[in-house]
Engineer: 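One structure is given below, represented as structure tokens, and several questions about it will come after.
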Amino acid sequence: MPLLKDGRVGDDPWRHPDDAESLPDDAPATVSLARWRTERDALARRAGRIGLRLPNDVSPLELAEDVGRFGLITLAFPRFTDGRAYSQARLLRARLGFRGELRATGNVLRDQLLFMRRCGIDAFEVGERALAENWPAALGEFDVFYQPGEDGRPWIARQRAAG
Amino acid sequence: MYRYDEFDRRFLEERVAQYRDQVRRRLAGQLSEDEFRPLRLMNGLYLQLHAYMLRIAIPYGSLSPAKLRVLARIARRYDRGYGHFTTRQNIQFNWIKLEETPDILAELAAVEMHSIQTSGNCIRNTTADPFAGAADDEIEDPRPWCEIIRQWSTLHPEFSFLPRKFKIAVSAAATDRAAVRLHDIGLYLRRNAAGEVGFEVLVGGGLGRTPMIAKTLRDFLPKHRLLAYLEAILRVYNEFGRRDNLYKSRIKILVQALGIDKMRDAVEREFGAMGESALPLPPATVAAIAAHFAPPTLAAPGADDETELARALAQAPALARWVRYNVAPHRAAGHAIVTVSLKPPGRPPGDASAAQMELLADLAERYSQGEIRATYEQNLVLPHVRRRDLPALWRHLGEAGLATANAGLASDIISCPGLDYCSLANARSIPVAERLSRHLAARDQEIGELHIKISGCINACGHHHVGHIGILGVDKNGEEFYQITIGGSADENAALGAIVGPAVPSAAVTGAVDTLIGVYLDLRREGERFPDTYRRIGAAPFKEALYAAA
């Protein structure tokens, strides 16, 4: 699946093996939450970087001890109308200080990208149409925001205070 | 009234440009209808039975003459010459063309209006007491807080795909004119024992299929923590609200499932974890917003104002009647709050023509400090009228069919658009309301205060659950029937009505309402309103009268 990150659409350097498959030796790979929970210590010792596929019905606060170990956490949008992962993203960034890649997977659509970005998601699994339809432009459609965000861009309270 | 600054204006320009591009992509076939639906809904554009309907936000019901004139212009240029004021202080246009919607939004943006979040599973337009800033019974003006909520909730990145829609209402008055207890979050400004003003926060109210009265989540929230607390509630709801069943997705169902105490624990835990510095509202920020709502400078009443008015009232009984029902006390001496009824007998409740809107804009400039409010009861309000000017204002209103003296009376009926427009409806509402108001208008004074509310389906946009008499349209094998409830109330003593018996056919509704009113008139005691009598005597006398003949 193509990946939109840093304003470009490219290939995904991560592997996403099923629980039954063995992990590649040193390539970055994600695991399910169940696998992380049963193989945590072994996975933590692994040479390659490790990522987590977080389901959208688990609070990230349960992973408070672990988030520093992940280079990538993928968030699930099974349907674009299911917005639970927006809150997960904000908690991961603002509450737990997660600094790795936060990736939206599933039903990711152009017009949700900016909401996701503001919540701290910085990579997006997108379809082939993303390039043809210039999806990266969606991230620049606004430069005024009424809420503080997790993407480092200013919000209106700061702009007003400065202006 | 709040005026946009450069940031608000730039934001809205960006929003219009974004939407224009979305419509372009839809018309070019790049977006499927499934993909476009949530985008247009985030801009208040519904596909109804006959055409697109555009719902425009009137933040906390507050309008200026310039805004009202643009609404009139939209009615003329893009619709069929009229608009429909809704039960959420918004306005709807029912005959809109998709390809014209970006231009409509651009016209709205020029007067600092939009249709953002008038639909969709997001935080909807915040509603408020339409008498705010004028009422003689309020602690402080709630509108600055509504504006603070409006800004915070606008395109909120975390809360734009909630389990279901989310509605917030604010009141600061002893009398609840905003149906606060029927909202997902209700906010009452209260004064605590120490004399400080803060919020009582209620949660889990709502109508629809499973009506519920909101419960108190917090007795007293310091004002500067408002946004953090709202965010804590929304985050708990976003995480735990049900998403498997459309009809069980509102926060009221979550509150019911958890119980208010566990809900409170969850919210307070999140609120505590956010820390004191989350979403700060420093005094300077609040003061800057509040400055937009500074009270108008009202002239002191003249020495002969009241004698002049009394003379006019004595000469014109129709004026006296209008003043009695449509004029409420103002906090400033010599002034009054005027309700402009959009409920002439036999007409669709809440409709206003372009010409009426333009006249009201003129009259607001001349008589009401340039302010107009929309009410959830589908009327308009001129909040700052000098009492001496009431006769002249009444004459001008009367010439445009806007002086119906029925505010709060039986013919002042709330009604949803129903099956004449709405794709969700099971039955028509407007013709039922028209027949009832035509029939009841002559008896308005005899009956006194009475709230009749009609919904064309279980979604309850017409608030039937909280009508003194509620009427719900149902479909019985392709025929329109109406289920009647009694004893509901939407005020500070909010109550849900009880179903009085089997639904009646359309032709029998007026007679049934007449019968219920007859029981009330026979058995009421001095000063009792319909729900008071109902609470005292119970449903039995009403049921007997209604179904004895059958």
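Chain identifiers are assigned alphabetically (A, B, ...) following the order of the sequence lines, protein sequences preceding nucleic acid strands; residue numbering begins at 1 within each chain.
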Engineer: If you count the non-hydrogen atoms of other residues, nucleotides and ligands that lie under 6.0 Å from CG in A/D25, is the total more than 12?
Structural biologist: no
Engineer: At what distance, to the nearest 0.5 angstrom, does CD of A/Q88 lie from CG of B/N238?
Structural biologist: 9.5 Å
Engineer: Counting only heavy atoms closer than 4.5 Å, note whether B/F159 contacts chain A via side chain, backbone, both or neither.
Structural biologist: side chain
Engineer: What part of A/Q147 lies closer than 4.5 angstrom to a heavy atom of chain B: side chain, backbone, both or neither?
Structural biologist: side chain
Engineer: Tell me, side chain or backbone of A/R117 under 4.5 Å from chain B's heavy atoms, or both, or neither?
Structural biologist: neither
Engineer: From B/T285 OG1 over to A/I156 CD1, what is the distance, rounded to the nearest 0.5 angstrom?
Structural biologist: 11.0 Å
Engineer: Of the backbone (N, CA, C, O) and the side chain (C-beta and beyond), which part of A/F80 lies under 4.5 Å from a heavy atom of chain B, both, or neither?
Structural biologist: both
Engineer: Short question: side chain of A/R129, backbone of B/Q30 - any donor-acceptor pair under 3.5 Å?
Structural biologist: yes
Engineer: Quick one: what part of B/M274 sits under 4.5 Å from any heavy atom of chain A, side chain, backbone, both or neither?
Structural biologist: both
Engineer: Parallel, tilted or perpendicular for B/F11 and A/Y146, by the 30°/60° rule?
Structural biologist: perpendicular
Engineer: Given A/R90 and B/E231, is the side-chain contact (heavy atoms from CB on, under 4.5 Å) satisfied, shown in steps?
Structural biologist: CA-CA 12 Å; A/R90 284 197 77 197; B/E231 198 142 311; 2.5 Å; yes
Engineer: If you count every heavy atom of other residues, nucleotides or ligands that lies below 6.0 Å from B/E33 atom CD, does the total exceed 12?
Structural biologist: yes
Engineer: With side-chain contact (heavy atoms from CB on, under 4.5 Å) as the criterion, how do A/L91 and B/R235 come out once you've worked through the C-alpha distance, each side chain's angles and the decisive distance to 0.1 Å?
Structural biologist: CA-CA 10 Å; A/L91 287 172; B/R235 191 165 294 138; 4.0 Å; yes
Engineer: What part of B/A278 lies closer than 4.5 angstrom to a heavy atom of chain A: side chain, backbone, both or neither?
Structural biologist: neither
Engineer: Does any N or O in the side chain of B/N121 come within less than 3.5 Å of the main-chain N or O of A/T81, such that one atom is a donor and the other an acceptor?
Structural biologist: no
Engineer: Less than 3.5 Å apart, any donor N or O on the side chain of A/S87 or B/E239 sitting next to an acceptor on the other?
Structural biologist: no
Engineer: If you count every heavy atom of other residues, nucleotides or ligands that lies below 6.0 Å from A/E21 atom CD, does the total exceed 12?
Structural biologist: yes
Engineer: Measuring from atom CD of B/E35 to atom CG of A/N107, what distance do you get when rounded to the nearest 0.5 angstrom?
Structural biologist: 8.0 Å
Engineer: To the nearest 0.5 Å, tell me how far B/T154 OG1 sits from A/F145 CZ.
Structural biologist: 13.5 Å
Engineer: Is it the backbone or the side chain of B/L227 that comes under 4.5 Å from a heavy atom of chain A, or both, or neither?
Structural biologist: neither
Engineer: Does B/K248 have more than 12 heavy atoms from other residues, nucleotides or ligands lying within 6.0 Å of its NZ?
Structural biologist: no
Engineer: Side chains of B/E270 and A/R95: does their closest heavy-atom pair fall under 4.5 Å?
Structural biologist: yes
Engineer: Between B/R25 and chain A, which part of the residue has a heavy atom less than 4.5 Å away: side chain, backbone, both or neither?
Structural biologist: side chain
Engineer: Can you say whether A/Q112 sits under 4.5 Å from chain B via the side chain, the backbone, both, or neither, judging by heavy atoms?
Structural biologist: side chain
Engineer: Heavy-atom distance under 4.5 Å to chain A: side chain of B/D8, backbone, both or neither?
Structural biologist: both
Engineer: Side chain, backbone, both or neither: which part of B/S160 has a non-hydrogen atom closer than 4.5 Å to chain A?
Structural biologist: side chain
Engineer: Between B/L155 and A/F115, is a side-chain contact (heavy atoms from CB on, under 4.5 Å) present by the stated rule, with each step listed?
Structural biologist: CA-CA 8 Å; B/L155 299 195; A/F115 288 128; 4.0 Å; yes
Engineer: Heavy-atom count around B/R24 CZ within 6.0 Å, excluding the residue itself: above 12?
Structural biologist: yes
Engineer: Would A/R110 and B/Q22 satisfy side-chain contact (heavy atoms from CB on, under 4.5 Å), going step by step from the backbone distance to the final call?
Structural biologist: CA-CA 10 Å; A/R110 183 188 192 278; B/Q22 289 165 347; 5.9 Å; no
Engineer: Could you measure the distance from the CG atom of A/D111 to the CZ atom of B/F36? Nearest 0.5 Å is fine.
Structural biologist: 9.5 Å
Engineer: Would you check if the side chain of B/E14 reaches a backbone N or O of A/D143 as a donor-acceptor pair within less than 3.5 Å?
Structural biologist: yes
Engineer: Measuring heavy-atom distances to chain B, does A/R84 have an atom under 4.5 Å in its side chain, in its backbone, in both, or in neither?
Structural biologist: both
Engineer: Near A/D11 CG, under 6.0 Å, is it more than 12 heavy atoms from other residues, nucleotides or ligands?
Structural biologist: no
